[in-house]
Amino acid sequence: MTVLAVRAGLLLVVLGLWETVGRASNPLLAVPPSAVLPALRDLLLLRSYPDLPANVLLTLREIAAAYALAVVAGLACGFALGFHWLIGRAWGPMLAALYAVPAVVWYPSLMLFFGLDAASKIAFGFLLGFFPVTLAVLAGIRQVNPHLVTVARAYGAGSLTVFVRVMVPAMLFTLVGGLRTALALAVVGVIVGEVLGSKRGMGALINHAYGLLRTADYVALVLVTLALVVGSDVVASLVERRARRWNE
Amino acid sequence: MTAPARLIAVESVSKRYVTSSGPVEALHDVSLTVSEGEFCTLIGPSGCGKSTLLGMLGGLVYPESGRILVDARPVTGPDPGRAATVFQDPGLFPWRTVLENVEFGLELAGSAAARRRSIATALLGPLGLKGFAEKYPRELSGGMKQRVAIGRALAIDAKILLMDEPFGALDEQTRVLMGEWLLDIWRRTRKTVIFVTHSLHEALFLSTRIAVMTARPGRIKSVLELPMDYPRSMESPELVALRAKLWGEIREESLRAMQ
Ligand SMILES: Nc1ncnc2c1ncn2[C@@H]1O[C@H](COP(=O)(O)OP(=O)(O)O)[C@@H](O)[C@H]1O
Ligand SMILES: [Mg+2]
């Protein structure tokens with residue numbers, strides 16, 4: 001309750017500051033909330049950008065594709081590195097080194113490779129989402145208490161049963177944490193990809209409004225994007241909490 | 001009256017572990033037989049191979065030579081149908097409730113959900129865990145956790161219960177109470193128990209037989225029979241005498257183990 005009140009207070013302060021500063025500055029560059037609201041209304045009523053739904057849909061589809069690929073490849077890679085001693089030793093350090101490179105440096109080559117359309121955005125979202133999944137699998141495997149594996153074996157569990165009944169539940173929280181981070185990063189990857197070079201999608205609309213100095217529309221578009229991101233993260237955090245029911 | 005059937009036969013078993021600092025001979029030519037319904041305790045200095053022997057009986061460790069028969073069949077791997085193990089670390093699954101932990105073995109054995117639930121629920125009373133069915137392990141005390149682990153072993157209803165210092169991590173008072181509780185459970189279920197402990201009190205209070213092991217490499221040094229009735233008074237002249245004898249044997253081996 002008090003947390004909500006404090007949060008609302010902070011929001012009001014930020015909006016107040018924004019309004020004052022916005023009114024005092026160059027209207028081409030800074031827009032106060034009072035100017036964003038009408039722009040947001042026009043946007044949502046499809047007056048300023050009638051093709052908003054198609055673009056939102058495209059962005060969501062790109063995110064879904066990037067995320068699905070990142071999860072599948074990340075899980076496969078993580079388990080291969082974690083379970084196979086030789087693969088882990090040979091490739092683990094290389095993976096860590098790759099992860100340390102700011103991913104955005106790969107984007108130009110992704111565009112050359114995959115073109116300016118959806119594929120390069122999906123590839124970039126994938127690239128950002130892949131590492132957190134892989135690393136979460138590796139961290140999760142290290143977290144499994146070997147004694148619990150012994151206990152399960154004493155009760156007759158074979159490798160598959162040990163994996164399903166012991167490894168997966170023991171790793172679940174870490175894994176879901178990684179999946180959540182991956183989702184957030186896949187979203188970032190796709191949208192940044194669109195902003196950096198695309199004709200369609202939310203990022204492209206943002207770029208368009210920004211390029212034409214339609215600042216109020218630009219802010220309204222950013223707010224819609226933000227809602228997308230926050231919405232997906234709320235869902236992910238609910239899943240995460242469920243995965244840790246036993247350790248509330 | 002016919003003699004109780006031999007349920008477990010350990011026949012000249014030896015075991016060496018290969019470690020980075022060379023081979024360690026854990027057990028050397030160990031033989032032991034245990035009859036149905038016995039409470040047989042293994043006692044001996046740390047590192048003398050008690051856990052190794054228990055692991056072999058449970059099929060988790062393989063003998064290097066010799067063989068182990070349980071129910072007249074050689075042990076080739078874990079077989080929860082024959083023996084259930086309780087470890088010093090209860091090893092409860094933290095993501096499972098008390099009831100779900102007790103059900104674990106039944107679940108692996110493929111028993112139906114309703115049947116599992118009723119078996120596990122019926123055990124909660126004797127385990128002293130009524131009202132804790134839906135709790136998670138981290139909400140339990142050490143003694144309760146170990147009772148859940150024992151419940152998990154009892155649930156699959158194997159003839160043999162292998163217990164490796166099950167109360168070793170508990171404080172002295174809890175430990176004594178858990179011993180009394182286990183005695184009661186054992187007398188009601190008539191399981192055959194192989195029990196590892198460091199506590200003379202526990203050994204004398206519970207066992208029908210105590211096998212004293214030598215310092216590493218472990219061998220059976222001597223076997224004491226305890227024909228007294230339960231519950232036992234530790235002040236009875238017989239037990240006082242036995243205690244002195246047992247301590248003499250263990251002391252010698254512990255001194256050797258310290259050198
Ligand atoms: N997995 C293993 N690898 C190497 N050495 C082991 C292993 N398990 C036990 N040992 C060694 O074998 C000896 C007997 O161990 P253990 O059976 O655990 O004894 P106890 O339970 O009587 O303390 C010890 O010296 C121990 O260090
Ligand atoms: Mg031990």
Side-chain angles (χ1 to χ4, degrees), chain A residues 71 75 78-79 82-83 85-86 88-89 133 136-181 236-248, chain B residues 51 54-61 75-111 134-140 145 148-150 152-158 160-164 169:
Chain A
V71 169
L75 289 178
F79 280 115
F83 281 153
W85 181 86
L86 184 61
R89 284 295 287 272
V133 177
V137 173
L138 288 174
I141 289 175
R142 276 197 299 274
Q143 244 167 28
V144 177
N145 174 357
H147 181 53
L148 296 184
V149 175
T150 306
V151 170
R153 291 216 301 118
Y155 280 89
S159 323
L160 182 65
T161 309
V162 165
F163 181 74
V164 174
R165 310 271 174 150
V166 182
M167 304 284 297
V168 171
M171 297 172 61
L172 200 58
F173 184 68
T174 309
L175 205 55
V176 170
L179 292 176
R180 180 181 174 184
T181 309
S237 78
L238 290 179
V239 174
E240 190 174 13
R241 187 161 328 153
R242 235 197 105 71
R244 194 76 181 225
R245 234 178 343 160
W246 50 273
N247 202 7
E248 222 92 86
Chain B
S51 297
L54 216 64
M56 287 178 178
L57 289 167
L60 289 167
V61 178
V75 175
T76 53
D79 181 358
R82 284 192 276 176
T85 306
V86 177
F87 301 89
Q88 175 170 351
D89 176 339
L92 301 182
F93 301 107
W95 53 87
R96 287 174 164 251
T97 62
V98 164
L99 205 58
E100 288 165 348
N101 265 288
V102 174
E103 285 179 27
F104 182 74
L106 296 166
E107 208 175 296
L108 293 204
S111 100
E134 301 305 321
K135 295 263 187 273
Y136 286 95
R138 57 171 208 89
E139 302 170 90
L140 307 179
K145 280 186 191 149
V148 176
I150 294 172
R152 181 170 61 187
L154 291 173
I156 58 175
D157 204 24
I160 300 168
L161 211 51
L162 305 171
M163 308 183 88
D164 194 352

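Just so it is clear, the structure is predicted and the values come from calculations on it, not from any experiment. Just so we're on the same page: letters track the sequence lines, and every chain starts at 1.
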>> Can you give me the closest heavy-atom contact between A/Ala152 and B/Leu108, atom names plus distance?
In response: O-CD1, 4.1 Å
>> Give me the atom names and distance for the closest heavy-atom approach of B/Pro94 to A/Leu148.
In response: CD-CD1, 3.9 Å
> In terms of heavy-atom pairs under 4.5 Å with chain A, which of B/Gly55, B/Ala153, B/Ala149 leads?
Replying inline: B/Ala153
> So which of B/Thr85, B/Val86, B/Asp89 has the biggest tally of heavy-atom pairs under 4.5 Å with chain A?
Replying inline: B/Asp89
>> Which residues in residues 96-104 of chain B have any heavy atom closer than 4.5 Å to a heavy atom of chain A?
In response: B/Arg96, B/Phe104
> Using non-hydrogen atoms only, which part of B/Leu92 is less than 4.5 Å away from chain A: side chain, backbone, both, or neither?
Replying inline: backbone
>> Please check this pair: side chain of A/Tyr155 against backbone of B/Pro78, looking for a donor-acceptor N/O pair closer than 3.5 Å.
In response: no
